[in-house]
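To start, the structure under review is shown below, and the notes come after it.
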Amino acid sequence: MLDRKTDDMTDQSNVRTKKLINAPEDIISQAIEGMISAHPHLLRVEGDSGRAVVAVDGPRDGKVGIVIGGGSGHEPAFAGYVGRGLADAAAVGNVFASPSPEQILDAAKAADGGAGVVFLYGNYTGDVLNFDMAAEECAGLGIPAKSVAVADDVASAPSDRADERRGIAGDFFVFKIAGAAAEAGRDLAGVTEAASAALSNTKSMGVALSACSMPQTGKPNFEIGHDEMEIGMGLHGEPGMRRGKLAEADHVTDELMEPILAEMDLPEGSEVAVLVNGLGATGLLELYILHRRVAQILGERGVTIHHSWVGEYATSLEMAGASVTLLKLDDDRKALLDMPCRTPALTVGTVAQARPAATTATRTTVQHAARDETEVRREDLATDGPVTPAIFRSMMIRAGERISADADRLSELDGVIGDGDHGVTMDIGWKAVRKALEQSPADETVETSCKRMAKAFLDAVGASSGPLYATAFLRAGTAVGNRLNLDAAAVVAWVEAAAQGVRERGRAEPGDKTMVDAWVPGAEAARAALGKDGDVLACLAAACEGAERGMNATKEIESRRGRSAKLGARSVGHIDPGAASTHVILCAMYDAAKDALS
């Protein structure tokens, strides 16, 4: 039987996990430093962000660059797969959070050899948004970029919506195939095609026996009994497709293999590669027992295992559990799988003698043209309004303070239907905003402050919140770009533009159970108050009340966007954490304005 002993406690929310870390805010930079010091012959760091881990002997002129990336907490993924014959660079995000466009761009510049780059990442909203933005910036630099979002988890969506599936341990095979194709000299289209073909023939499913905990909170992401398991869980601690009683290893393996095999065309005589992956706290003893049953099932079907990997290749911090991944092989995929590579986490065969890596200067042939941004003259800006730039900054700083105070609560809300990091991520982003605003010139306009906020949030966070709030701030600043001081109409325009920015960037609508469900009713309520001749405070109070109504309404709807969408009906009964943080922000803006104007 798969067994993971835990204290039989009725309230696991009070359990604190032990971790060997220093300050939580330093864990990523210190982990990267430690990784580089452990593998200096394989890895280096490039770029101002400090989050692009690059292969010492990987990027070369004329070779397609392979850029992988995602949140930390999945080690050895993602930076562990950087090295000759596999990935040329990895963009490293915060724990369970996508890297930012700046971090991805640093990796792309380092990996570019003049033949373009392929971005490979898990199919999660934050990763898709940030890598899309990075691809747009690559285009401006003259670096062609293609993307393949790995979506191998059969539990997360039905086969007719396979493009909505999330990525779990199948990254391992897609990365290996793409890296080998690039090493073999295939062009950008050829490498992208090889990666896509590998993805189409890769299926995974996992089981969790315990929750993991964020380093910043030390609390389990979700509660699970000592005799329970989550079948079909996500790689970030998201709950699975169902919860059941802990069963014997063979029974669990059968449950994992059944949906995988139902979707794979594996007639007798087929060949596959197998990955039995531990999630962070499951030992090889148990993983080999799982592999034993996988081999039995395949053998009964006349399917040959070409090669197996058993161990920890894509983890979820200290979660107990495992996943099974199959890659169906043809002659091409088999040859690419067998090609040599050398990385900290994976070595296959013998890698040829390294050649000097190209420098960033020789790899990047086209530079960004400097943009001549002509700002509106200050004397032309409207001054009729009580909210001065200084008061506006105080409103934003208050919002950041409230997010920090509520970070644990927001993460707990997220832990129920997501990965438990929303409060942590928002706190990181808003701390960066507060720092940026506190260092800004006293005479800075609202629009310029919004640009400063957007850059600070996006550079600090990545994840889905990074692009969403960066877009919100930019759109909101533009909406009041003709004003120095804000009157009630301008404040409403700011809130409406922020809401529309979130809505458009996230491609979400009211009823999807996202932060849009609080932003939109907040903006609508502010507009309604303005129509009743409301002043600034009345409009902001209405925005706060509208956001609260929208937030509370998310409790009764099923999620249709983001990670919680995989839960279906299990998401009902829980408030969306993004809607909750929106309510915090709008109410903090009202309180700060009230203190300044009353």
Side-chain angles (χ1 to χ4, degrees), residues 19-59 65-100 102-111 119-122 127 130 169 171-172 175-176 178-179 212 214-216 235-236 277-281 309 311-319 341-348 351 354 357 360 421 428 459-463:
K19 295 183 185 291
L20 290 172
I21 61 173
N22 296 309
E25 61 269 21
D26 295 331
I27 55 177
I28 309 303
S29 60
Q30 292 182 355
I32 291 174
E33 182 181 355
M35 193 173 194
I36 300 302
S37 64
H39 309 286
H41 58 302
L42 296 177
L43 305 175
R44 67 180 188 273
V45 174
E46 284 198 22
D48 294 336
S49 69
R51 295 292 190 89
V53 176
V54 184
V56 168
D57 58 354
I66 301 296
V67 176
I68 63 176
S72 296
H74 304 305
E75 288 71 27
F78 292 86
Y81 298 120
V82 172
R84 183 67 177 270
L86 217 159
D88 296 298
V92 182
N94 292 328
V95 175
F96 291 177
S98 167
S100 70
E102 179 190 16
Q103 295 160 356
I104 298 165
L105 193 61
D106 279 346
K109 289 177 181 178
F119 290 149
L120 302 169
Y121 50 87
D127 295 276
N130 283 281
D171 287 354
F172 175 85
F175 294 172
K176 177 64 179 74
C212 58
M214 299 292 289
Q216 293 88 343
L235 201 61
H236 303 85
N277 173 63
L279 297 178
W309 284 270
E312 293 186 337
Y313 293 92
T315 62
S316 185
L317 293 171
E318 78 280 25
M319 181 183 283
C341 69
R342 182 181 61 173
T343 76
L346 181 67
T347 297
V348 175
V351 175
T360 301
D421 75 335
I428 291 171
D459 288 350
V461 170

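The first residue in the sequence is number 1, and the count goes up from there. Just the heavy atoms: all of them, side chains too, but no hydrogens, waters or symmetry mates, feed the values below. Just so we're clear, the structure is a prediction, and the values are computed from it rather than from any experiment.
Note that CD of Glu102 and CG of Leu105 are 8.0 Å apart. Values are rounded to the nearest 0.5 Å. For the atom pair CG of Leu86 and NZ of Lys176, the computed distance is 6.0 Å after rounding to the nearest 0.5 Å. Within the model, atoms CG of Leu346 and CZ of Arg342 stand 12.5 Å from one another, a figure rounded to the nearest 0.5 Å. The OG1 atom of Thr343 sits 7.5 Å away from atom CG of Leu42, with the distance rounded to the nearest 0.5 Å. Taken from CD1 in Ile104 to CG in Asp127, the straight-line distance is 7.5 Å, to the nearest 0.5 Å.
Residues forming a salt bridge (Lys or Arg N to Asp or Glu O under 4.0 Å) with Glu318 (at least two apart in sequence, or on another chain): Lys19. By the ring pair (Phe, Tyr, Trp, His ring centres under 6.0 Å) test, Phe119 is found to be paired with Phe131, residues two or more places apart in sequence or in another chain being considered.
Using cut-offs of 30° and 60° for the angle between ring planes, the His74 and Phe96 rings count as parallel.
Listed by first and then second residue, the side-chain hydrogen bond (donor to acceptor under 3.5 Å, both in side chains) pairs that reach into residues 26-42 are Asn22-Gln30, sequence neighbours excluded.
At distances below 3.5 Å, at least one donor-acceptor pair connects side-chain atoms of Ser72 with backbone N or O atoms of Gly93. Put simply, the side chain of Tyr81 gets close to the backbone of Tyr313: a donor and an acceptor are under 3.5 Å apart.
Residues Leu317 and Pro215 form a side-chain contact, since some pair of their non-hydrogen atoms from C-beta on lies under 4.5 Å apart. Side chains of Leu235 and Leu279 form a contact here, defined as non-hydrogen atoms less than 4.5 Å apart. At least one side-chain heavy atom of Asn94 sits less than 4.5 Å from a side-chain heavy atom of Arg51. Residues Tyr121 and Asn130 form no side-chain contact, since every pair of their non-hydrogen atoms from C-beta on lies 4.5 Å or further apart.
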What's the verdict on side-chain contact (heavy atoms from CB on, under 4.5 Å) for Ile32 and Leu43, showing C-alpha distance, side-chain angles and the deciding distance? CA-CA 10 Å; Ile32 291 174; Leu43 305 175; over 6 Å; no

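Smallest separation of non-hydrogen atoms from Val54 and Pro59: CG1-CG, 3.9 Å. In this structure, Val92 and Val53 approach most closely via the heavy-atom pair CG2-CG2, 3.9 Å.
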